[in-house]
Visitor: 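Supplied in structure tokens, the structure appears directly below.
Sequence positions, counted from 1, serve as the residue numbers for this chain.
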Amino acid sequence: MKAGVIGAGTMGAGIAQIAAMAGCKVWLVDADLERANAGRDKADASLDKLVARGKLEAVTSDAALARIEPSADQAMATHAADVVIEAVPEDMALKRKLFATLATEAPGHALLGTNTSSLSITKIAKGTGAEGRIIGLHFFNPVPLMKLLEVVRGQDTSEETVSRALAFGELVGKEPILVKDAPGFATSRLGVLLGLEAMRMVQDGVCSAADVDKAMELGYRHPMGPLKLTDLVGLDVRLAIAE
């Protein structure tokens, strides 16, 4: 299978890595070749950590890295792809423009996935000419370690696309869940609710930030409290999702 990953930041690099580990030839695309190369370097460092921890054989790591090709030429990188996944900034206009381009650049059979964590799949796809092929493929950070893949079906997403997306998720070692296109999907909807309420609790003096986190970590077995998670995700991202 051939994959194109658009956007070579943290998420894009992680997605490229797991696709390469699953045996896919991957083009990691960014508008600037230096950033695309930096994304491949991130994947390289992540693979090295897996080798150091005994989770991956060095020969397997080397083979996966060899399958990742950085590129600044989106058309070249996607013209023969079986799946294209975008991991560009959370901007509706940017994503709509990208998918309208991919609708003509990528082959007619290509699965077109967006890694958005909160934007409407239906709105992203509308008017692109590829509405049936566009689906949410929401991976989680760090991509190589987090098992969940949130597959989000837009109003116009075809059943074939849903089936292929679920199969792709399993191919790259994830456990997919299928969610209808709704504000925040499943994970962001619940996650932002916890995060915002935790902030209100601190604001109202219910308890300290540390104790809010401890309550959820020890009482509900969350690996990370909602305020620590908010710091990791970023207040700007949490605000955008909430809005």
Side-chain angles (χ1 to χ4, degrees), residues 1-30 36 39-51 53-71 74 77-78 80-88 95 98-99 102 106-107 109-117 121 133-154 157-179 185-188:
M1 180 179 287
K2 299 174 183 177
V5 178
I6 313 298
T10 299
M11 296 302 294
I15 295 167
Q17 177 186 331
I18 62 169
M21 290 172 67
C24 300
K25 166 63 181 176
V26 183
W27 285 273
L28 180 56
V29 183
D30 208 290
R40 185 176 185 270
D41 290 342
K42 289 179 184 175
D44 187 13
S46 177
L47 287 164
D48 284 346
K49 288 180 181 177
L50 292 175
V51 172
R53 294 171 184 165
K55 302 290 186 181
L56 194 67
E57 295 292 332
V59 64
T60 305
S61 170
D62 292 342
L65 187 65
R67 295 188 193 103
I68 302 176
E69 181 176 337
S71 176
Q74 180 178 299
T78 59
D82 300 301
V83 57
V84 180
I85 303 170
E86 67 81 10
V88 303
K95 290 181 188 289
L98 174 59
F99 278 105
L102 290 174
H109 74 276
L111 181 71
L112 303 179
T114 169
N115 186 55
T116 183
S117 62
I121 308 304
R133 292 192 286 146
I134 296 175
I135 193 163
L137 294 176
H138 179 204
F139 292 88
F140 292 79
N141 187 29
V143 178
L145 301 182
M146 299 293 280
K147 293 295 291 182
L148 180 64
L149 172 63
E150 194 172 31
V151 176
V152 187
R153 181 209 307 256
T157 305
S158 72
E159 288 298 329
E160 179 187 2
T161 296
V162 171
S163 296
R164 291 182 62 201
L166 293 170
F168 177 76
E170 293 174 355
L171 173 69
V172 296
K174 301 305 176 189
E175 295 186 18
I177 62 169
L178 182 59
V179 182
F185 313 143
T187 54
S188 293

Visitor: Distance-only, no hydrogens or angles: does the Glu86 side chain make a donor-acceptor pair with backbone N or O of Val88 under 3.5 Å?
Guide: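 At least one qualifying donor-acceptor pair exists.
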Visitor: Write down the atom of Gly39, the atom of Leu28, and the distance for their closest heavy-atom approach.
Guide: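 Reported closest heavy-atom pair: C-CD2, 3.6 Å.
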Visitor: How far apart are the C-alpha atoms of Ile18 and Val26, what are their side-chain angles, what is the distance that settles it, and do they pass the side chain to side chain contact (heavy atoms under 4.5 Å, CB included) test?
Guide: CA-CA 10 Å; Ile18 62 169; Val26 183; over 6 Å; no
Visitor: Only pairs at least two apart or in different chains count here, so list each side-chain hydrogen bond (donor to acceptor under 3.5 Å, both in side chains) that has a residue in residues 135-150.
Guide: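 For residues 135-150, and leaving out neighbouring residues, the side-chain hydrogen bond (donor to acceptor under 3.5 Å, both in side chains) pairs sorted by first residue read His138-Glu150, Glu150-Thr187.
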Visitor: Taking salt bridge (Lys or Arg N to Asp or Glu O under 4.0 Å) as the definition, give me every residue that meets it alongside Lys25, ordered by chain and number, with sequence neighbours left out.
Guide: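 Applying salt bridge (Lys or Arg N to Asp or Glu O under 4.0 Å) to Lys25 gives Glu69.
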Visitor: What distance do Lys55 atom NZ and Thr60 atom OG1 have between them, rounded to the nearest 0.5 Å?
Guide: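 If we round to the nearest 0.5 Å, Lys55:NZ and Thr60:OG1 are 15.0 Å apart.
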Visitor: Met1: what forms a side chain to side chain contact (heavy atoms under 4.5 Å, CB included) with it, not counting sequence neighbours?
Guide: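 Side chain to side chain contact (heavy atoms under 4.5 Å, CB included) list for Met1, sorted by chain: Cys24, Asp82, Val83, Phe168, Leu171.
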Visitor: Any side-chain heavy atom of Arg164 within less than 4.5 Å of one from Ile135?
Guide: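 They are not in contact (no side-chain heavy atoms under 4.5 Å apart), so the answer is no.
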Visitor: With distance as the sole test, does Ser46 use its side chain to make a donor-acceptor pair with the main-chain N or O of Lys42 at under 3.5 Å?
Guide: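 Flag not set: sc Ser46 to bb Lys42 has no pair under 3.5 Å.
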Visitor: Determine, step by step, whether Trp27 and Val5 satisfy the side chain to side chain contact (heavy atoms under 4.5 Å, CB included) criterion, reporting the C-alpha distance in whole Å, the side-chain angles of both residues, the deciding distance to 0.1 Å, and the verdict.
Guide: CA-CA 6 Å; Trp27 285 273; Val5 178; over 6 Å; no
Visitor: Can you list everything that forms a salt bridge (Lys or Arg N to Asp or Glu O under 4.0 Å) with Arg40? Sequence neighbours excluded, please.
Guide: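 Counting only residues at least two positions away or on another chain, Arg40 forms no salt bridge (Lys or Arg N to Asp or Glu O under 4.0 Å).
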Visitor: Please give me the minimum heavy-atom distance between Ala81 and Gly4, naming the atom from each residue.
Guide: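 Minimum heavy-atom separation between Ala81 and Gly4: CB-N, 4.1 Å.
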Visitor: Counting distance only, does the side-chain N/O of Arg67 pair as donor-acceptor with the main-chain N or O of Ala20 below 3.5 Å?
Guide: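 Yes.
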Visitor: Return the CG to NZ distance between Leu102 and Lys95, rounded to the nearest 0.5 Å.
Guide: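 Here the interatomic distance stands at 11.5 Å.
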Visitor: In chain order, what residues pass the side chain to side chain contact (heavy atoms under 4.5 Å, CB included) check against Leu166, with sequence neighbours excluded?
Guide: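 If we apply the side chain to side chain contact (heavy atoms under 4.5 Å, CB included) test to Leu166, skipping adjacent residues, the hits are Val151, Val162, Pro176.
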Visitor: Working to the nearest 0.5 angstrom, can you tell me the gap between Phe140 CZ and Ser117 OG?
Guide: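 Rounded to the nearest 0.5 Å, the CZ-OG separation comes to 8.5 Å.
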Visitor: Distance check, rounded to the nearest 0.5 Å: Leu112 atom CG versus Phe99 atom CZ?
Guide: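 Nearest 0.5 Å value for the CG-CZ distance: 6.0 Å.
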Visitor: Which residues pass the side chain to side chain donor-acceptor pair (under 3.5 Å) test with Asp30, sequence neighbours left out?
Guide: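 Expected list: Arg35.
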Visitor: Specify the closest pair of heavy atoms between Ala16 and Ile68, including all atoms of both residues, with the distance to one decimal.
Guide: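 Smallest interatomic distance, heavy atoms only, reads O-CD1, 4.0 Å.
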Visitor: Between the side chain of Thr157 and the main-chain N/O of Ile134, is any donor-acceptor distance below 3.5 Å?
Guide: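 Between the backbone of Ile134 and the side chain of Thr157 there is a qualifying donor-acceptor contact (under 3.5 Å).
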Visitor: Output all residues satisfying salt bridge (Lys or Arg N to Asp or Glu O under 4.0 Å) with Glu175, sequence neighbours left out; order by chain, then residue number.
Guide: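 None.
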Visitor: Got a sec, which residues hit side chain to side chain contact (heavy atoms under 4.5 Å, CB included) with Val51, two or more places apart in sequence or on another chain?
Guide: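 If we apply the side chain to side chain contact (heavy atoms under 4.5 Å, CB included) test to Val51, skipping adjacent residues, the hits are Leu56, Ala58, Ser61.
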Visitor: Please enumerate all residues that pass side chain to side chain donor-acceptor pair (under 3.5 Å) together with Thr161, with sequence neighbours excluded.
Guide: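 Side chain to side chain donor-acceptor pair (under 3.5 Å) check on Thr161 returns Ser158.
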Visitor: Give me the atom names and distance for the closest heavy-atom approach of Pro107 to Arg133.
Guide: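 Heavy-atom minimum between the residues: O-NH1, 2.8 Å.
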Visitor: Excluding sequence neighbours, so at least two apart, what forms side chain to side chain donor-acceptor pair (under 3.5 Å) with Ser71?
Guide: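 Result, side chain to side chain donor-acceptor pair (under 3.5 Å) vs Ser71: none returned.
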Visitor: Going through the distances and angles, do Arg153 and Leu178 end up as a side chain to side chain contact (heavy atoms under 4.5 Å, CB included)?
Guide: CA-CA 7 Å; Arg153 181 209 307 256; Leu178 182 59; 3.3 Å; yes
Visitor: With sequence neighbours left out, what residues match Thr78 under side chain to side chain donor-acceptor pair (under 3.5 Å)?
Guide: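 Side chain to side chain donor-acceptor pair (under 3.5 Å) check on Thr78 returns nothing, list empty.
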Visitor: For Lys174, look at atom NZ and say whether over 12 heavy atoms of other residues, nucleotides or ligands are found less than 6.0 Å away.
Guide: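 Yes - once you tally the heavy atoms of other residues, nucleotides and ligands closer than 6.0 Å, there are more than 12.
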Visitor: With sequence neighbours left out, write down each residue that passes side chain to side chain contact (heavy atoms under 4.5 Å, CB included) with Asp41, or none if nothing qualifies.
Guide: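 In terms of side chain to side chain contact (heavy atoms under 4.5 Å, CB included), with neighbours along the sequence ignored, Asp41 is linked to no residue.
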Visitor: Work out which heavy atom in Gly14 is nearest to a heavy atom in Pro144; give both atom names and the distance.
Guide: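 Taking Gly14 first and Pro144 second, the nearest heavy atoms are CA-CD, 4.3 Å.
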Visitor: Which pair of heavy atoms, one from Ala106 and one from Val84, lies closest together, and at what distance?
Guide: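 Smallest interatomic distance, heavy atoms only, reads CB-CG2, 4.3 Å.
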Visitor: In the structure I gave you, are the side-chain heavy atoms of Leu50 and Leu145 within less than 4.5 Å of one another anywhere?
Guide: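 Yes; the side chains approach each other to less than 4.5 Å.
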